[in-house]
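Here's the structure we're looking at; comments come further down.
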Protein chains: 2
Amino acid sequence: MARQLPQPGRDSINLVTVLAALADPVRLTLMRSIYAHGDPIDCATIAAGIEVTPPTISHHYRVLREAGLTTTTVDGRRRIVTIRYEDLDVRFPGLLAAILTPELIPPTAGAGKDPAPPVRQGQISVH
Amino acid sequence: MARQLPQPGRDSINLVTVLAALADPVRLTLMRSIYAHGDPIDCATIAAGIEVTPPTISHHYRVLREAGLTTTTVDGRRRIVTIRYEDLDVRFPGLLAAILTPELIPPTAGAGKDPAPPVRQGQISVH
DNA sequence: AGTTCACTTCGATGGATGTCAAAGTGTTGG
DNA sequence: CCAACACTTTGACATCCATCGAAGTGAACT
């Protein structure tokens with residue numbers, strides 16, 4: 001048991017496909033939930049709280065897997081999803097970290113002055 | 001002169017929108033060309049070599065700008081595009097670097113053994 | 001003033017995509 | 001063996017999106 005569903009090999013993971021897979025609020029939420037949970041977790045647990053029907057969730061898991069973002073293994077009657085951290089980091093270093101890191105809350109104008117990061121210099125040098 | 005076209009403020013740049021903007025081969029090519037060129041450059045020069053018509057190019061520039069990825073200024077009868085490095089790095093640190101870095105060529109099986117990076121450990125720790 | 005240039009806007013079109021309900025598949029528990 | 005479970009597949013539908021040709025806009029050049 002614990003059969004693995006088909007997924008692209010590491011070298012055929014495509015950036016545009018990866019970005020397209022992540023450019024959907026439901027799928028981004030799924031990815032962040034898997035990441036936040038840490039351990040391999042079944043689809044149902046992750047999907048709890050997302051207000052779309054099971055067929056739609058199933059569809060989104062498939063898109064993530066076929067894009068090369070996740071691995072899905074069948075265990076009995078539930079599916080276990082994991083993020084392909086290593087493969088993705090080899091192909092696109094830093095990408096997952098940038099996307100899964102919780103988004104900064106935009107500072108409310110005038111509210112509680114943020115102590116630490118005022119402007120911070122860009123990591124990419126230009127010119 | 002040098003009027004600036006409307007663009008979202010830094011704090012209203014949205015990740016899903018940014019990813020959607022980048023999840024298109026033409027727009028990703030445009031972004032990489034702007035990045036590779038370094039200096040602010042006019043749209044026509046960047047678009048040269050891309051095999052779509054001017055209306056389509058114009059559309060893509062608009063999508064990039066409205067997503068918050070670029071700044072476009074009107075200078076005479078041409079447009080100058082620049083990437084919003086600082087704003088993007090504040091909102092999504094590391095994202096641009098991960099996406100604009102030229103993609104690794106998948107190692108051809110058995111061909112010229114790559115000297116440097118064999119496997120490299122993931123930057124995100126899991127478990 | 002008129003033409004060329006460098007785009008943009010408009011309208012149309014074909015294809016992809018997110019969503020759901022209904023039906024199907026394989027698993028577990030009684 | 002049957003029912004409940006945890007999904008998946010299929011088919012349909014509406015919407016979105018990339019693309020194009022045609023027409024429009026404003027700047028520069030002659």
[N], OP1 or OP2 - any side-chain N/O from [X] closer than 4.0 Å?
| X | N | answer |
| --- | --- | --- |
| T53(B) | dC20(D) | yes |
| R79(A) | dT8(D) | yes |
| T56(B) | dC20(D) | yes |

Nearest heavy atoms of [X] and [Y], plus distance in Å:
| X | Y | value |
| --- | --- | --- |
| I13(A) | A67(A) | CG2-O, 3.6 Å |
| R32(A) | L15(B) | NH2-CD2, 3.4 Å |
| V74(B) | G76(B) | CG1-O, 3.7 Å |

Discussion item. Quick one, L100(B) with I83(B), criterion side chain to side chain contact (heavy atoms under 4.5 Å, CB included). Give me CA distance, side-chain angles, the key distance, then yes/no.
Written reply: CA-CA 11 Å; L100(B) 297 179; I83(B) 297 175; 4.2 Å; yes

For atom [atom1] of [X] and atom [atom2] of [N], their distance in whole Å:
| X | N | atom1 | atom2 | answer |
| --- | --- | --- | --- | --- |
| L30(A) | dT19(C) | CG | P | 10 Å |
| L5(A) | dA6(D) | CG | P | 18 Å |
| I57(A) | dA21(C) | CD1 | P | 14 Å |
| I80(B) | dC7(C) | CD1 | C1' | 12 Å |
| I50(A) | dT19(C) | CD1 | C1' | 14 Å |

Distances for protein N/O vs nucleotides 22-27 of chain C N/O pairs under 3.5 angstrom?
from	atom 1	to	atom 2	distance (Å)
dT27(C)	O2	R77(A)	NH1	3.2

Practice prompt. Calculate, to the nearest 0.5 Å, the distance between atoms NE2 and CG belonging to H59(B) and L64(B) respectively.
Written response: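 That separation rounds to 9.5 Å.
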
Worksheet item: For the side chain of S58(A), counting heavy atoms from C-beta on, which of dC20(C), dC7(D), dC20(D) is nearest?
Response: dC7(D)

Name all residues meeting the side-chain hydrogen bond (donor to acceptor under 3.5 Å, both in side chains) criterion together with [X]; count only those two or more places apart in sequence or in a different chain, and write none if there are none.
| X | result |
| --- | --- |
| T17(A) | N14(A) |
| E66(A) | R62(A) |
| R84(B) | D87(B) |
| T71(B) | Q7(B) |

Practice prompt. Kindly calculate the angle separating the two end axes of the helix from dA1(C)-dT30(D) to dG30(C)-dC1(D), each obtained from five base pairs, and round it to 10 degrees.
Written response: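 It comes to 20° between the two terminal axes.
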
Return a table of donor-acceptor pairs under 3.5 angstrom between the side chains of residues 20-31 of chain B and protein atoms on other chains or two or more places apart.
from	atom 1	to	atom 2	distance (Å)
D24(B)	OD1	V26(B)	N	2.9
D24(B)	OD1	R27(B)	N	3.1
R27(B)	NE	A21(B)	O	2.6
R27(B)	NH1	H60(B)	ND1	3.1
R27(B)	NH2	A20(B)	O	3.3
T29(B)	OG1	P25(B)	O	2.7

Contact list (N/O, under 3.5 angstrom) for nucleotides 12-17 of chain D vs protein:
none

Worksheet item: Between the main-chain N or O of P54(A) and the side-chain N or O of S58(A), is there a donor-acceptor pair closer than 3.5 Å?
Response: no

Worksheet item: In residues 60-72 of chain A, what residues come within less than 4.0 Å of DNA chain D, judged by heavy atoms?
Response: R62(A)

Practice prompt. Check the pair Y61(A) / T70(A) against side chain to side chain contact (heavy atoms under 4.5 Å, CB included), numbers first and verdict last.
Written response: CA-CA 8 Å; Y61(A) 274 128; T70(A) 58; 5.7 Å; no

Worksheet item: Yes or no on side chain to side chain contact (heavy atoms under 4.5 Å, CB included) for I99(A) and L95(B), after CA distance, side-chain angles and deciding distance?
Response: CA-CA 7 Å; I99(A) 284 165; L95(B) 181 62; 3.8 Å; yes

Item to complete: Check the pair L96(B), D89(B) against side chain to side chain contact (heavy atoms under 4.5 Å, CB included), reporting the backbone distance first and the verdict last.
Response: CA-CA 7 Å; L96(B) 269 187; D89(B) 198 61; over 6 Å; no

